[in-house]
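Comments concern the structure below.
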Amino acid sequence: MIDLILLVAPVFGLVALGYAAGLAGLIGERANEGLTSYLFVIGAPALMFKLLTAAVFPGVFPWGYWIAYYVGMAVVWALATLFAARLFRRSHGDAVIAGLSTGQANTVLIGIPIILKAYGEDAAFPIAMLLAVNLPITMSLATLMLEGTRAARGGALFAKLGRGLATHPLIIAMVAGVACQALGVRPAGVPATMLDMVAGTTIPLSLIALGLSLKTYGVRADVPVALMVCVLRLIVHPAIAFVVAHHVFGLPPAWTGTVVLFAAMPAGINAYLFAARYGQGVGIASTSVALSTLLSVFTSILWLRVLGIG
């Protein structure tokens with residue numbers, strides 16, 4: 001247990017450091033916006049490109065890996081949307097945000113640091129392959145669920161989605177990384193050194209930025225719905241992923257561990273940003289992010305133990 005605590009302590013310690021810096025007023029909201037912009041446009045894409053160009057692609061892709069993650073995601077997203085609408089009597093928009101908060105895990109800010117510490121470079125390709133399709137799927141689905149019923153905007157909806165995905169820095173980095181892999185191109189010399197330097201800033205700065213964001217967003221009521229999201233996000237999704245990956249498909253340890261730990265991550269900041277953009281379910285999203293991040297300190301240790309890490 002001590003080994004597991006030591007594994008996750010630096011990750012959540014940096015989140016706590018960011019939260020404390022924001023609480024003490026050492027770093028303001030404008031500075032955090034600039035930090036987040038840097039990570040979104042430069043830092044995270046550099047890390048993704050580095051992971052993809054350094055990864056060793058398997059001869060046969062284990063399709064059970066994606067199945068394990070997305071079967072679980074589909075189940076918890078549907079349950080969260082249904083429970084929010086029927087059990088908690090929330091509006092359609094609130095129910096969509098509850099589903100998105102449950103389906104959109106914080107894979108980049110917390111998932112990558114924990115997984116790389118647990119499995120090292122063996123997890124590089126599994127990480128990249130999940131991220132390559134996760135963002136387009138979750139954001140597109142949530143957008144369609146919220147805007148799909150607006151007939152007047154229906155004609156422009158898919159064009160808007162296409163532009164958003166085609167210009168997303170992470171997706172551009174992933175396409176470039178796969179292209180370099182296919183062509184056998186590897187960064188070298190000065191570009192490689194620059195890539196390493198930028199990629200090396202991404203994980204610690206992302207964790208500090210998350211802490212700053214949690215201070216800004218805080219808990220804005222809707223605790224019962226958020227607790228429901230936490231149970232589905234932190235317990236049910238990784239449990240389904242583990243059963244499918246380990247018992248149904250028998251995936252290698254690094255692949256099983258990556259998919260389970262990704263599924264066990266807290267609700268992502270993207271859920272809050274999406275909710276704020278549409279003015280729907282903001283309290284559900286912000287409270288889900290805050291509570292699930294706090295609870296994931298303990299549940300991540302649980303899942304690491306299940307996976308035999310430590």
Side-chain angles (χ1 to χ4, degrees), residues 6-55 105-128 130-132 134-135 167-178 180-181 185-217 258 261-262 265-266 268-270 272-273 289 293 296 300:
L6 292 175
L7 180 66
V8 302
V11 174
F12 292 103
L14 286 176
V15 176
L17 178 63
Y19 184 85
L23 196 63
L26 299 177
I27 302 177
E29 290 188 21
R30 290 187 63 185
N32 187 34
E33 290 174 2
L35 178 58
T36 302
S37 296
Y38 161 76
L39 291 168
F40 179 78
V41 176
I42 299 176
L47 179 60
M48 285 300 96
F49 182 78
K50 179 182 177 181
L51 288 175
L52 273 172
T53 54
N106 198 336
T107 51
V108 175
L109 300 187
I110 293 182
I112 290 176
I114 291 179
I115 293 167
L116 289 179
K117 285 179 70 66
Y119 292 99
E121 290 301 316
D122 288 344
F125 183 70
I127 286 172
L130 190 54
L131 289 177
N134 192 55
L135 184 69
T167 58
H168 196 288
L170 268 179
I171 295 177
I172 293 172
M174 291 170 189
V175 171
V178 171
C180 287
Q181 272 279 1
V185 176
R186 297 289 187 275
V190 174
T193 302
M194 293 173 61
L195 179 64
D196 289 342
M197 293 173 69
V198 174
T201 68
T202 302
I203 288 177
L205 290 182
S206 294
L207 296 171
I208 291 173
L210 175 59
L212 290 167
S213 299
L214 290 178
K215 186 269 174 185
T216 301
Y217 303 149
T258 299
L261 291 174
F262 261 167
M265 291 300 102
I269 289 294
N270 278 336
Y272 172 81
L273 298 177
V289 170
T293 300
S296 68
S300 60

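Each residue takes its place number in the sequence, starting with 1.
The two residues Phe262 and Leu130 come nearest to each other via the heavy atoms CD1-CD2, 2.7 Å. Contact record, Ile114 with Met265: CD1-CE, 4.1 Å, taken as the closest heavy-atom pair. Residues Val8 and Ser300 approach most closely at CG1-OG, 3.9 Å, considering heavy atoms. The two residues Thr258 and Ala123 have their closest heavy-atom pair at OG1-CB, 3.6 Å. Here the closest non-hydrogen pair linking Val11 and Pro113 is CG2-CB, 3.8 Å. Contact detail for Phe49 and Ala173: the closest heavy-atom pair is CD1-O, 3.8 Å.
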Pair up each side-chain donor or acceptor in residues 187-202 with any protein partner under 3.5 Å, not counting sequence neighbours, and list the distances.
residue, atom, partner, partner atom, Å
Thr193, OG1, Gly189, O, 3.2
Asp196, OD1, Lys50, NZ, 3.4
Thr201, OG1, Tyr38, OH, 2.7
Thr201, OG1, Val198, O, 2.6
Thr202, OG1, Gly43, O, 2.7
Thr202, OG1, Val198, O, 3.4
Thr202, OG1, Ala199, O, 3.4

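For the atom pair OG1 (Thr293) and CZ (Phe12), the distance works out to 7.5 Å, reported to the nearest 0.5 Å. If you take CD1 on Ile127 and CG on Leu261, they are separated by 9.5 Å, rounding to the nearest 0.5 Å. Of the inter-residue distances, the one linking Leu47 atom CG with Ile42 atom CD1 reads 14.0 Å to the nearest 0.5 angstrom.
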- Task: Give the intermediate values and the outcome of side-chain contact (heavy atoms from CB on, under 4.5 Å) for residues Leu116 and Ile203.
- Result: CA-CA 11 Å; Leu116 289 179; Ile203 288 177; 4.1 Å; yes
- Taking it one step at a time, do Asn106 and Val289 satisfy side-chain contact (heavy atoms from CB on, under 4.5 Å)? CA-CA 9 Å; Asn106 198 336; Val289 170; 5.8 Å; no
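At least one side-chain heavy atom of Leu207 sits under 4.5 Å from a side-chain heavy atom of Ile110.
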